[in-house]
Amino acid sequence: MDFAAFLVATLAGHIGFAIFVAGHAFLTDRDAGYWPYVTLVLGLAGVAGYFFYDRTTDSGRI
């Protein structure tokens, strides 16, 4: 695979993941916060953060 095709495929994937995160947040009435932007930059890591990051802890501790 040539480098330009790789960049285009990566960009398309990141954009698709970001749209998925924003759409999921909209459909489930969940606040997407900054996760669509993180997903644009980090791809699957942003998707994982959106689904697995729990910011609702009462103690304020990690």
Student check: side-chain heavy atoms of Phe17 and Val21 closer than 4.5 Å: no
Partners passing ring pair (Phe, Tyr, Trp, His ring centres under 6.0 Å) against Phe51 (at least two apart in sequence or in another chain): His24
With Leu40 via side-chain contact (heavy atoms from CB on, under 4.5 Å) - residues at least two apart: Ile15, Ala18
With Ala25 via side-chain contact (heavy atoms from CB on, under 4.5 Å) - residues at least two apart: Ala32, Tyr50
From His14 atom NE2 to Ile19 atom CD1, the distance as rounded to the nearest 0.5 Å: 13.0 Å
Cluster link Leu11 to Phe6, ILVMFWY, side chain under 4.5 Å: no
Exceeds 12 heavy-atom contacts within 6.0 angstrom, atom OH of Tyr34: yes
Listed partners of Ala4 passing side-chain contact (heavy atoms from CB on, under 4.5 Å), at least two apart: Asp2
Residues clustered with Phe26, ILVMFWY side-chain links under 4.5 angstrom: Leu27
